[in-house]
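Some notes on the structure that comes next.
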Amino acid sequence: MSLHQRPHQKPLGADSLPFSTVPANAGLASRPFPLLTLPYLFSLLALLLLLALLFPWGPPRHSAPPSPWRSYTLQDAAAFAAAAGNGTIILAAVSGPYLPFLSNWLISVRRAGRADQVLVIAEDYETLERINAAWPGHAVLVPPAPDAQTAHKFGSQGFFNFTSRRPRHLLQILELGYAVMYNDVDMVWLADPFPHIVGTHDVYFMDDMTEVKPLDHSHALPPPGKKGRPYICSCMIFLQPTEGAKLLLRKWIEELKEQPWSKKVKSNDQPAFNWALLKTAGQVDVYLLPQSAFPTGGLYFKNKTWVKETKGKHVIIHNNYITGFEKKIKRFRDHKLWLVDEHSDESPLGKL
């Protein structure tokens, strides 16, 4: 046999075929793996999310302890403030946007030596926490809290909702047995007003009219004006814890219910207060404070002659007869009454 000849080989039978060198699972490459189907993936994702909720990654988180001021009641707060004032509280009510005015007012009250008597009704939880963080115990929230983080304009429904809570706060304090002086925070004290709270009347207040009165004017309730009611300002009121004062506050609350805010009649709390004064006349012992000491803003800021003639007599100045935060601040600055610019260190709230 030639070296170049191939040997004849016997054909291999089926049982003698060699093993194939192709992997047995080569045909599976073209088929999707059954565990990678969409239903399986969605199930896996749901399981992972469930595990993440049940067993959160990272170190355990400890929730912050609840604020003690959330459970601070008006009864607690009133007792705290009244203890410093021999049973008399000085009350203000604010929401967040009014904090600069509160601070300005507080500087003037502190200069008169009366800051420890102050109790602030906070109209939102953020304001409650902020005041008490700087000045513990001097702010309380009376539920329910209105939407008070908005600087409501005078005449708006929000402004009405905000101010209409005032007589309820005052009545609650009287029922606790304390006397109370309420102030709007767009006021500035130039002196201590309490020497002018003379006698034993139920309610003391200031006129809101710009017409100049004689220095020895009557202290009785002024006669009704063109709208059939007096024009007393609900911005500054002192009330004794008497049945007469409580009667007036209850009537004020009734009048607010009968005269709700509407787009046609953009009311506020003051007309209802004046109707209550008129309808309880003779049942409540009232006292009109001297105009020279408690002038309305329409008189103090606009009648320079009167201001000169009554110099040294002014006690509380109200920045009314003007609307808008910026306008009020400018007017205070023009008259050197925006104290927070240079004296924020005198405010119990510090620099805001």
Side-chain angles (χ1 to χ4, degrees), residues 85 88-92 98 100-115 117-118 179-199 201 203-222 230-239 270 273 286-325 327-344 346-348:
T88 298
I89 295 166
I90 302 169
L91 190 73
Y98 291 87
F101 284 91
L102 173 64
S103 189
N104 195 69
W105 173 75
L106 282 172
I107 293 170
S108 68
V109 174
R110 194 176 213 177
R111 288 177 175 181
R114 297 280 184 175
Q117 295 173 242
V118 170
V180 58
M181 175 182 284
Y182 172 81
N183 275 195
D184 278 355
V185 292
D186 59 344
M187 291 182 152
V188 168
W189 289 21
L190 302 183
D192 185 351
F194 282 91
H196 293 272
I197 308 298
V198 295
H201 307 282
V203 184
Y204 300 71
F205 44 69
M206 57 185 281
D207 203 342
D208 206 21
M209 297 296 290
T210 59
E211 181 182 354
V212 174
K213 298 177 183 291
L215 292 177
D216 59 348
H217 67 73
S218 169
H219 298 289
L221 179 68
Y231 290 90
I232 299 301
C233 191
S234 60
C235 54
M236 188 278 173
I237 312 168
F238 179 79
L239 304 111
Q270 187 161 301
F273 177 59
V286 301
Y287 184 88
L288 178 66
L289 292 163
Q291 184 187 54
S292 58
F294 302 88
T296 184
L299 176 60
Y300 182 84
F301 292 109
K302 295 184 178 182
N303 191 329
K304 294 181 180 179
T305 300
W306 179 88
V307 171
K308 289 180 181 179
E309 291 173 351
T310 56
K311 185 177 180 180
K313 298 180 181 294
H314 313 137
V315 175
I316 294 182
I317 307 303
H318 188 202
N319 196 357
N320 63 343
Y321 276 78
I322 191 173
T323 59
F325 278 24
K327 290 180 181 179
K328 284 178 179 280
I329 291 172
K330 183 181 184 305
R331 182 199 258 179
F332 266 156
R333 280 187 174 131
D334 291 345
H335 290 79
K336 300 183 185 332
L337 296 175
W338 190 242
L339 308 175
V340 293
D341 278 345
E342 298 180 2
H343 305 283
S344 61
E346 296 182 46
S347 170

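Positions are given from 1 along the sequence.
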message = As an exercise, state the distance from CG of Leu299 to CD of Gln291, rounded to the nearest 0.5 Å.
response = 5.0 Å
request  = State, with a plain yes or no, whether a side-chain heavy atom of His201 is found less than 4.5 Å away from one of Val286.
outcome  = no
key: Carboxylate-amine/guanidinium proximity below 4.0 Å for Arg110 and Glu346   = no
message = Nearest 0.5 Å, please: how far is CG in Asp186 from OG1 in Thr323?
response = 11.5 Å
request  = Would you check if the side chain of Asn104 reaches a backbone N or O of Leu337 as a donor-acceptor pair within less than 3.5 Å?
outcome  = yes
ask   = Applying the ring-ring contact (aromatic ring centres under 6.0 Å, His included) test to His314, which of Trp189, Trp306, Phe294 qualifies?
value = Trp306
ask   = For the residue pair Tyr300 and His335, does the interplanar ring angle fall in the parallel (under 30°), tilted (30 to 60°) or perpendicular (over 60°) class?
value = tilted
ask   = Would the number of heavy atoms belonging to other residues, nucleotides or ligands and lying under 6.0 Å from NZ of Lys328 be above 12?
value = yes
task = Grab the two heavy atoms, one from Val315 and one from Pro193, that are nearest each other, plus how far apart they are.
result = CG1-CA, 3.6 Å
Mutual orientation of the aromatic rings belonging to Phe101 and Tyr98 [parallel < 30°, tilted 30-60°, perpendicular > 60°] = tilted
inquiry  = Is it the case that the side chains of Asp207 and Thr296 hold a donor-acceptor pair, with the cut-off being a distance below 3.5 Å and no angle test?
reply    = no
request  = Can you measure from CD1 (Ile89) to CG (Leu239) and round to the nearest 0.5 angstrom?
outcome  = 11.5 Å
task = Scan side-chain atoms only and decide if Thr310 and Ser292 contain a donor-acceptor pair under the 3.5 Å cut-off.
result = no
Heavy-atom side-chain contact between Met236 and His318 under 4.5 Å = no
message = Measuring only between side-chain heavy atoms, which start at C-beta, is Lys302 closer than 4.5 Å to Thr210?
response = no
ask   = Are any of the side-chain heavy atoms of His196 and Met206 separated by less than 4.5 Å?
value = no
query = Could you give the distance from CH2 (Trp338) to CD1 (Ile329), rounded to the nearest 0.5 Å?
reply = 4.0 Å
query = For the residue pair Ser103 and Ser347, what are the closest heavy atoms and their distance?
reply = OG-OG, 2.7 Å
ask   = Are any of the side-chain heavy atoms of Leu288 and Ile232 separated by less than 4.5 Å?
value = yes
ask   = If you take all heavy atoms of Asp192 and Phe194, which pair is closest and at what distance?
value = OD1-N, 3.0 Å
query = Under the 3.5 angstrom rule, does the side chain of Ser108 hit a backbone N or O of Trp105 as a donor-acceptor pair?
reply = yes
query = At their closest point, which heavy atom of Arg111 faces which heavy atom of His343, and how far apart are they?
reply = NH2-CG, 3.3 Å
query = Can you tell if the side chain of Pro295 reaches within under 4.5 Å of the side chain of Ile317, non-hydrogen atoms only?
reply = yes
ask   = Can you check ring pair (Phe, Tyr, Trp, His ring centres under 6.0 Å) on Phe238 and Tyr287, steps first, answer last?
value = CA-CA 10 Å; Phe238 179 79; Tyr287 184 88; over 10 Å; no
note = Between His217 and Leu289, the two heavy atoms sitting closest are CE1-O, 3.6 Å
Rounded distance (nearest 0.5 Å) linking atom CG of Leu102 with atom CD1 of Ile107 = 10.0 Å
ask   = Is there a donor-acceptor pair closer than 3.5 Å between any side-chain N or O of Gln270 and the backbone N or O of Ser234?
value = yes
ask   = Hey, are Tyr321 and Asn319 close enough side-chain-wise for a donor-acceptor pair under 3.5 Å?
value = no
ask   = Got a donor-acceptor contact below 3.5 angstrom from the Asn320 side chain to the Gly297 backbone?
value = yes
